[in-house]
Number of protein chains: 2
Amino acid sequence: MTERKSRKDAARNREAVLAAADALFARCESPAEVTMADVASAAGVGKGTLFRAFGDRAGLLRALYEARLEPIRQAVEAGPPPLGPATPPQDRVPALLDAVLCFKLDNRRLALALEESGSGSPYQAEHYEQWHGLLQAMLEQIPGLTDTDFTAHALLAATRADLVEHLTGGERVPRERMRAQLANFATRVLGLGPLQA
Amino acid sequence: MTERKSRKDAARNREAVLAAADALFARCESPAEVTMADVASAAGVGKGTLFRAFGDRAGLLRALYEARLEPIRQAVEAGPPPLGPATPPQDRVPALLDAVLCFKLDNRRLALALEESGSGSPYQAEHYEQWHGLLQAMLEQIPGLTDTDFTAHALLAATRADLVEHLTGGERVPRERMRAQLANFATRVLGLGPLQA
DNA sequence: TGACGATACGGACCAAGGGTCCGGTTCGCA
DNA sequence: TGCGAACCGGACCCTTGGTCCGTATCGTCA
């Protein structure tokens, strides 16, 4: 491990900040109304501590996001089917998209905060690169598909946090229905046989 | 006309502000680095004037966007094929998507500014509602398609400004290639016959 | 044309929030 | 137990969106 041991008060504070931020983003309506000062005071910590630990607001969001994302990443990299690597692409692509969608559904506020307030476009984020790369590699193995780079982007775009938020919050689309619609859409894009209702 | 006559200095200033903002957003790298004060001074106008004319930053962006969008809207509502209403849906859907994509390509910075800095999600914007509604109505007329609401969202998501920006700016995808890829993607989603390279 | 009410102008001003700084404290190792 | 390093935290700074009000301009009516 290259990680230098840190003082335990520092580690404790880092955890406190993560927990507090998590709670605040979950509680609040719009991520914009959670200020860094709020997070600091909720964690019982000074702003200096917060910024030293995470660099800036985007850093805090990223750290939270990555922590939440870890289980899914594990399941994708070395888990059981249909997410794991042993699954044929035709089934794994929809499974991956479904996992991403469910993640966004379960972490609406957080994903929203990261995508909108995160410095620059979400396309520069490391985890996006990973999802896109993986998805593209899977698409590449499906015969008859071209433009896998663009197709991967387009499929992932259907799971954008603000779209998900709009569908659930504004149009009141239930979770299961949305998952079915995305699966249907993916199936159609993959061009697998005649789609059924 | 319900529009009350305004004083001509007001009208002149409004135009000056629009022109200045247009130029600034086109010139600058990221829309975030164009401040309201910049726009005001570039237009030779005070901040008060600017805010009275447009309400807030989002209002200015919207006004600019709408002005740019007008020609396309016209072409869609009552123009020649393939954009006009006389075109069969199978051809009109790709045409519409292509038009939207070209618009985003031609107005990258502006669209980016509106989508990211525009108050709230871009899904609350009036023009998005219009595009989505129109697209959905067209999809509805294509036999064999279900989930037209979601499908319309997903197709439009493939033309999001930050994705377009990422593809052109980061991945250096040429304009024509991108248009072809989107057309291909749309075709596949519409489920029309076997797709060719 | 002169005067007057209404409207617009514009820059000083305000508030909020992200990010920085540094004196004081705590930690952990010898 | 002593000491240097690391950390703490809140006061402070600065940018930026947005407001306010005294002043200038417009347009109309006599």
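Numbers restart at 1 for each chain; the letters A, B, ... are given by sequence-line order, proteins then strands.
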Side-chain N,O (B/Lys8) to OP1/OP2 (D/dC26) below 4.0 Å
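For D/dC26, neither OP1 nor OP2 has a side-chain N or O of B/Lys8 closer than 4.0 Å.
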
Has B/Arg7 got a side-chain N or O lying under 4.0 Å from the OP1 or OP2 atom of C/dT7?
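False: B/Arg7 side-chain N/O out of range (4.0 Å or more) of C/dT7 OP1/OP2.
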
Using atom [atom1] of [X] as one end and atom [atom2] of [N] as the other, report the distance to the nearest whole Å.
| X | N | atom1 | atom2 | value |
| --- | --- | --- | --- | --- |
| A/Leu50 | C/dG17 | CG | P | 15 Å |
| B/Arg12 | C/dT7 | CZ | P | 19 Å |
| A/Leu61 | C/dG18 | CG | C1' | 13 Å |
| B/Asn13 | C/dC9 | CG | P | 5 Å |
| A/Lys47 | C/dC22 | NZ | C1' | 16 Å |
| A/Phe51 | C/dC21 | CZ | C1' | 13 Å |
| B/Met36 | C/dG11 | CE | P | 17 Å |
| B/Leu24 | D/dT16 | CG | P | 13 Å |

Upstream residue (5' side of DNA chain C) when A/Thr35 and B/Gly46 are each assigned their closest nucleotide:
B/Gly46

Heavy atoms under 4.0 Å, any strand shown: does B/Thr49 hit a base, just sugar-phosphate, or nothing?
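Base contact - B/Thr49 has a heavy atom under 4.0 Å of at least one base atom.
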
Using the side-chain heavy atoms of B/Arg57, tell me which of these nucleotides is nearest: D/dC8, C/dA8, D/dG18.
D/dG18

B/Asp149/A/Arg177 ion pair, N-O < 4.0 Å
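Salt bridge: no.
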
Between A/Arg160 and B/Asp162, does at least one N-O distance fall below 4.0 Å, as a salt bridge requires?
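Salt bridge flag = yes for B/Asp162 with A/Arg160.
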
With distance as the sole criterion, do the side chain of B/Arg52 and the base of D/dG18 form a donor-acceptor contact below 3.5 Å?
no

Using a 4.5 Å cut-off on heavy atoms from C-beta on, say whether the side chain of A/Arg92 contacts that of A/Pro85.
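A/Pro85 reaches A/Arg92 side chain to side chain.
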
Are B/Arg73 and B/Glu66 side-chain neighbours, meaning at least one heavy-atom pair lies under 4.5 Å?
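Sidechains of B/Glu66 and B/Arg73: in contact.
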
